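Remember, predicted model here, so these are calculated numbers, not experimental data. Counting convention: from 1, in listed order, for ligands and their atoms alike.
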Amino acid sequence: MSVFKIEHVYYSYDSGKTPVLKDINYEFEKGKTYSIVGKSGSGKTTLLSLMSGLDKPKDGKILYNSTDISKIDEDVYRSRHVGVVFQSFNLLPHMTALENVILSIDVSGIKVKNKKEHALDMLNKVGLDEEKANRRVLMLSGGEQQRVAIARALSYNPDVVLADEPTGNLDSTTEKQIMDIFKDLAKQDNKCVIIVTHSPNVSNNVDNVYNLENN
Ligand SMILES: Nc1ncnc2c1ncn2[C@@H]1O[C@H](COP(=O)(O)OP(=O)(O)O)[C@@H](O)[C@H]1O
Ligand SMILES: [Mg+2]
């Protein structure tokens with residue numbers, strides 16, 4: 001069964017103008033990696049923001065485990081079911097990596113025995129040791145910051161990870177390391193990983209590619 005189903009989705013920023021997204025239909029499954037590609041301005045970020053519940057389609061619907069996401073409480077949806085990763089990481093730079101992840105656990109309201117231990121586990125999972133976990137984000141490299149952002153997205157164990165150009169600010173070696181993390185999340189943890197990208201290194205490395213321009 002698909003974890004996400006996009007059905008006849010339309011979106012426009014100004015009513016009356018040509019829609020940015022027009023009759024989008026696609027399904028996403030757990031345990032697989034996807035990339036959404038298309039030229040700049042084709043609506044990739046817009047589609048991701050609809051899937052992450054930031055905005056609503058003008059027509060059509062997005063089903064998460066068969067439920068229309070517009071019928072799920074927005075805060076619960078965004079802080080439990082989908083984890084989002086951005087090109088520019090969007091971390092709190094003056095806080096440590098660990099504090100960033102703990103904050104996300106707090107916001108989601110999930111129950112964990114030991115928050116610090118859980119946050120450290122997540123950071124270890126993406127290849128950051130205790131020393132790096134306790135560093136301020138400012139003092140980490142771009143690749144390390146993106147690892148923190150992934151750990152943060154995983155902190156409440158969402159089914160789906162949505163990433164918008166997550167390797168856009170990284171060199172190709174670091175990009176490959178981040179892709180390995182995303183692939184492991186799908187293959188080992190059965191998550192659905194959806195990556196918006198320009199990079200052929202990413203789109204050549206996923207199970208399925210959805211090209212918005214072919215729509
Ligand atoms: N907040 C906004 N208000 C009006 N138009 C927007 C807004 N955000 C994006 N757009 C327009 O919507 C189209 C798709 O944008 P976007 O989804 O960001 O594309 P992509 O991520 O594929 O580059 C573009 O033409 C863009 O100019
Ligand atoms: Mg974009």
*Can you tell which of S42, G41, S49 gets a heavy atom nearest to atom 14 (C) of ligand 1?*
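It is G41 whose heavy atom sits nearest to atom 14 (C) of ligand 1.
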
Considering only non-hydrogen protein atoms, determine which one is nearest to [atom] and report residue, atom name and distance to 0.1 Å.
atom	answer
atom 19 (O) of ligand 1	G43 N, 3.2 Å
atom 10 (N) of ligand 1	Y13 CE1, 3.3 Å
atom 18 (O) of ligand 1	T45 CB, 3.7 Å
atom 16 (P) of ligand 1	T46 OG1, 3.6 Å

_Within ligand 1, which atoms have a heavy atom of V20 less than 4.0 Å away?_
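Ligand 1 atoms under the 4.0 Å threshold to V20: 12 (O), 13 (C), 14 (C).
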
_Which of the numbered atoms in ligand 1 are under 4.0 angstrom from any heavy atom belonging to S40?_
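Near S40, the atoms of ligand 1 are 23 (O).
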
*Determine how many protein N/O/S atoms sit closer than 2.8 Å to the Mg ion (ligand 2), leaving waters out since they are not shown.*
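Excluding waters, the total comes to 1.
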
_Check the orientation of Y77 and H81. Use parallel for under 30°, tilted for 30 to 60°, and perpendicular for over 60°._
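Tilted: the ring planes of Y77 and H81 meet at 30° to 60°.
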
_Less than 4.0 angstrom from a charged side-chain N to a carboxylate O is my criterion; do D121 and K116 meet it?_
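Not counted as a salt bridge, because no side-chain N and carboxylate O are separated by less than 4.0 Å.
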
_Taking D75 first and then R80, would you say they form a salt bridge - that is, a charged N and a carboxylate O separated by under 4.0 Å?_
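Salt bridge: no.
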
*Going by heavy atoms in the side chains, are V101 and L123 under 4.5 Å from each other?*
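In short, these two side chains touch, coming nearer than 4.5 Å.
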
*Would G38 count as a contact of ligand 1 if the rule is a heavy atom under 4.0 Å away?*
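It does not, in that no heavy atom of G38 comes within the 4.0 Å cut-off of ligand 1.
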
*State whether any protein heavy atom lies less than 4.0 Å from atom 26 (C) of ligand 1.*
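No, because not a single protein heavy atom sits under 4.0 Å from atom 26 (C) of ligand 1.
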
*K5 side chain to Y26 backbone, donor-acceptor under 3.5 Å*: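 It does not hold such a pair.
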
*asked:* For S155 and S104, which I'm curious about, is there any donor-acceptor pair between the side chains at under 3.5 Å?
replied: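 Yes, S104 and S155 have a side-chain donor paired with an acceptor closer than 3.5 Å.
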
*Can you see which heavy atom on S172 is nearest to which on N201, and at what distance?*
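Of all heavy-atom pairs spanning S172 and N201, the closest is CB-ND2, 4.2 Å.
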
Please table the atom pairs, donor to acceptor, closer than 3.5 Å between any side-chain atom in residues 85-92 and protein atoms at least two apart or in another chain.
residue, atom, partner, partner atom, Å
Q87, NE2, N169, OD1, 3.1
S88, OG, N90, OD1, 3.0

*Any salt bridge (Lys or Arg N to Asp or Glu O under 4.0 Å) pairs touching residues 139-160, not counting sequence neighbours?*
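Residue pairs passing salt bridge (Lys or Arg N to Asp or Glu O under 4.0 Å), neighbours aside: K30-D159, K132-E144.
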
Side-chain atoms of residues 178-185: list all donor-acceptor pairs with protein atoms under 3.5 Å, sequence neighbours left out, distances to 0.1 Å.
residue, atom, partner, partner atom, Å
D180, OD2, K176, NZ, 3.2
K183, NZ, N205, OD1, 2.7

